[in-house]
Amino acid sequence: MTAVTADRAQPATGAAGARIGVVTFPGTLDDRDAARAVRLAGATPVPLWHADADLQGVDAVVLPGGFSYGDYLRAGAISRFAPVMDVLVDAARGGLPVLGICNGFQVLCEAHLLPGAMIKNDHRTFICREQVLTVENIDTVWTRDYQAGEQITIPLKNQDGQYVADPHVLDELEAEGRVVFRYAGWNPNGSRRDIAGITNAAGNVVGLMPHPEHAVESGFGPDGARGPRTGTDGLRFFTSVISTLVG
Amino acid sequence: MGRVVVDVMPKPEILDPQGKAVAAALPRLGFTGFTGVRQGKRFELEVDGDVTEEVLEAARRAAETLLSNPVIEDVIRVADAQDRA
């Protein structure tokens, strides 16, 4: 299908100098997809290994999805103490852009870079669907290429996706505009206040349960306005951080 | 060899999907008298030698930092396994 080929996301020019790390823990599943998304957005993906306390001088880091350590103990609870996380937590507090997707979001919560925690979906089953989100904060380094209030569609697939936090923490997140994404139309897992993703106060650390890295290339993503599998709404996560880095 | 028992439970205000699933299964086996189920975790930490106060203190710190997440769970008990049969 030439239409799909012609529509394929082309790497942006001028951003090839940006190096974005993608961490692999034992049980990580989506590291290759995340690296591919980085490449399609125009930057260079750099594999980072959980056991190495070394970020290799990258300009940003993606913690991808999967089931690190089999979700044993709690999702993200063991990964949070991996050697790479020691240096990552310090770097994130110093302003390094960090994106946690699904299991990566769970790791960021366990590492206390983001508040709250994830528990099992309220309906107790694994869920996999194309999910509509409302983008509520476009001031983070990972969302500046979106428009406030824009609705995007990206895949959602998880078992422990129910975001919970104390009411006063939720109030604080709302008051400070730190709810970055909210589930639109239907809450797929019982998350408090329909929250799908949040940011830290500085806007450099963002976590969300749905998967932008699976919606970056026409022909392989969710259904879009132009036809089946044409959705590429996730790509702008990666172009956002690249434009921040090279801008 | 000594053994420390750590019990962790989901906070009362947090929905416990696993407990709900068990609660729904019980009546199917004829256990109709149980009105609720909550499912927690029990850890057994083994040490060489006796369970001293230092060992218990280390177990309490482990319970608060790794074995539980205070956002969603409470540490119910940290005790020498021999203290209760």
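Just the heavy atoms: all of them, side chains too, but no hydrogens, waters or symmetry mates, feed the values below. The sequence lines fix the lettering, A, B, ..., with proteins before strands; numbering per chain opens at 1.
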Worksheet item: Rounded to the nearest 0.5 Å, what separation is found between the CG atom of A:D166 and the CD atom of B:E13?
Response: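 So the gap between those two atoms works out to 7.0 Å.
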
Worksheet entry | CG on B:N69 to NE2 on A:H112, rounded to 0.5 Å | 6.0 Å

Discussion item. Surrounding CZ of A:R32 (heavy atoms of other residues, nucleotides or ligands, distance under 6.0 Å), is the total greater than 12?
Written reply: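 No - once you tally the heavy atoms of other residues, nucleotides and ligands closer than 6.0 Å, there are 12 at most.
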
Worksheet entry | Sub-4.5 Å side-chain heavy-atom contact between A:K120 and B:L15 | no

Practice prompt. Please name the pair of heavy atoms, one in A:F81 and one in B:L66, separated by the smallest distance, quoted to 0.1 Å.
Written response: CE1-CD1, 3.5 Å

Worksheet entry | Non-hydrogen atoms of A:A165 and B:V71 that approach each other most closely |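 Nearest heavy atoms, A:A165 then B:V71: CA-CG1, 4.4 Å.
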
Practice prompt. Give a yes or no answer on whether the side chain of A:R124 reaches the backbone of B:K20 with a donor-acceptor pair at less than 3.5 Å.
Written response: no

Item to complete: Verify, without hydrogens or angle tests, whether B:K41 (side chain) and A:L73 (backbone) share a donor-acceptor contact under 3.5 angstrom.
Response: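 Checking the backbone N and O of A:L73 against the side chain of B:K41, a donor-acceptor pair under 3.5 Å is found.
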
Discussion item. Taking side chain as everything from C-beta outward and backbone as N, CA, C, O, which of these in B:I72 sits under 4.5 Å from a heavy atom of chain A? Side chain, backbone, both or neither.
Written reply: side chain

